[in-house]
Amino acid sequence: QVQLVESGGGLVQAGGSLRLSCAASGRTFSNYMGWFRQAPGTEREFVAVIRWSGGTTNYADSVKGRFTISNDNAKNTVYLQMNSLKPEDTAVYFCAAGRGGPWSLAYAYAYWGQGTQVTVSS
């Protein structure tokens with residue numbers, strides 16, 4: 001049974017910070033973990049990705065310099081540290097596990113969590 005569980009979302013004021021966590025269990029056979037987000041009425045968009053081995057990361061231009069993705073292999077957990085939050089960051093944030101292919105595209109990920117709501121007020 002593969003399971004990804006996000007946590008850490010909430011309501012913050014613009015300029016504030018949140019740290020999201022994604023706990024992975026089961027045999028995902030994943031090579032990388034990604035964070036995506038989706039606001040109401042919009043398509044799911046890529047936020048950040050990290051490889052389990054080596055820690056190579058990539059970010060969407062919209063969050064570069066503000067968000068940091070990291071992992072803890074011992075805990076099978078991926079984190080997304082979000083600083084300098086803006087109202088435009090308001091969305092449901094999902095973590096996902098993938099094995100290969102275009103890591104910035106949602107279809108490349110086989111496993112998804114249920115999402116956690118992040119709301120940034122102005």
| said: Nearest 0.5 Å, please: how far is OG in S62 from CZ in F67? | reply: 7.5 Å
| Is it true that a side-chain atom of D72 and a backbone atom of A74 form a donor plus acceptor pair closer than 3.5 Å? | yes
| said: Please find the pair of heavy atoms, one from A108 and one from P102, that lie closest to each other, and give the distance. | reply: CB-O, 3.2 Å
| said: So, taking the atom named SG in C22 and the one named CG in N71, what distance separates them when rounded to the nearest 0.5 Å? | reply: 11.0 Å
| query | N58 and side chain to side chain contact (heavy atoms under 4.5 Å, CB included): which partner among I69, V47, V49? | reply | V49
| message | Heavy-atom count check: over 12 atoms from other residues, nucleotides or ligands less than 6.0 Å from Q114 CD? | response | no
| Could you state the interatomic distance from CZ (R99) to OH (Y111), rounded to the nearest 0.5 Å? | 8.0 Å
| field | L85 with W35, same ILVMFWY side-chain cluster at under 4.5 Å | value | yes
| said: A side-chain contact here means heavy atoms from C-beta on lying under 4.5 Å apart; do V78 and W52 qualify? | reply: yes
| task | Could you go through the side-chain contact (heavy atoms from CB on, under 4.5 Å) check for R37 and T90 one step at a time? | result | CA-CA 9 Å; R37 65 188 183 186; T90 295; over 6 Å; no
| field | Where T77 and S21 come nearest, the two heavy atoms and their spacing | value | CG2-CB, 4.4 Å
| query | Would you say L80 and F46 are hydrophobically clustered, going by side-chain heavy atoms of ILVMFWY under 4.5 Å? | reply | no
| message | Can you confirm whether L4 sits close enough to M33 that some side-chain heavy atom of one is under 4.5 Å from a side-chain heavy atom of the other? | response | yes
| field | Electrostatic pair D89:K86 at N-O distance under 4.0 angstrom | value | no
| A14 and S122: which non-hydrogen atoms are nearest, and at how many Å? | CB-CA, 4.5 Å
| query | Got Q38 and F94 here, is their nearest side-chain heavy-atom distance under 4.5 Å? | reply | yes
| Where do N83 and S17 come nearest, in terms of heavy atoms and distance? | OD1-OG, 2.9 Å
| message | Test side-chain contact (heavy atoms from CB on, under 4.5 Å) on F36 and V92; report intermediate values, then the result. | response | CA-CA 8 Å; F36 287 74; V92 176; over 6 Å; no
| message | I'd like to know if the side chain of Y109 and the backbone of W103 have a donor-acceptor N/O pair within less than 3.5 Å. | response | yes
| query | Could you walk me through whether M82 and V12 pass the side-chain contact (heavy atoms from CB on, under 4.5 Å) check? | reply | CA-CA 11 Å; M82 305 185 294; V12 297; over 6 Å; no
| field | Check: E6 side chain, C95 main-chain N or O, donor-acceptor pair, under 3.5 Å | value | yes
| field | Gap between atom OG1 of T119 and atom CG of L18 - 0.5 Å precision | value | 9.5 Å
| query | Can you tell me how far CD1 of I50 sits from OH of Y32, rounded to the nearest 0.5 angstrom? | reply | 14.0 Å
| said: Between R66 and S84 (side chain of the first, backbone of the second, donor and acceptor by atom type, cut-off under 3.5 Å), is there such a pair? | reply: yes
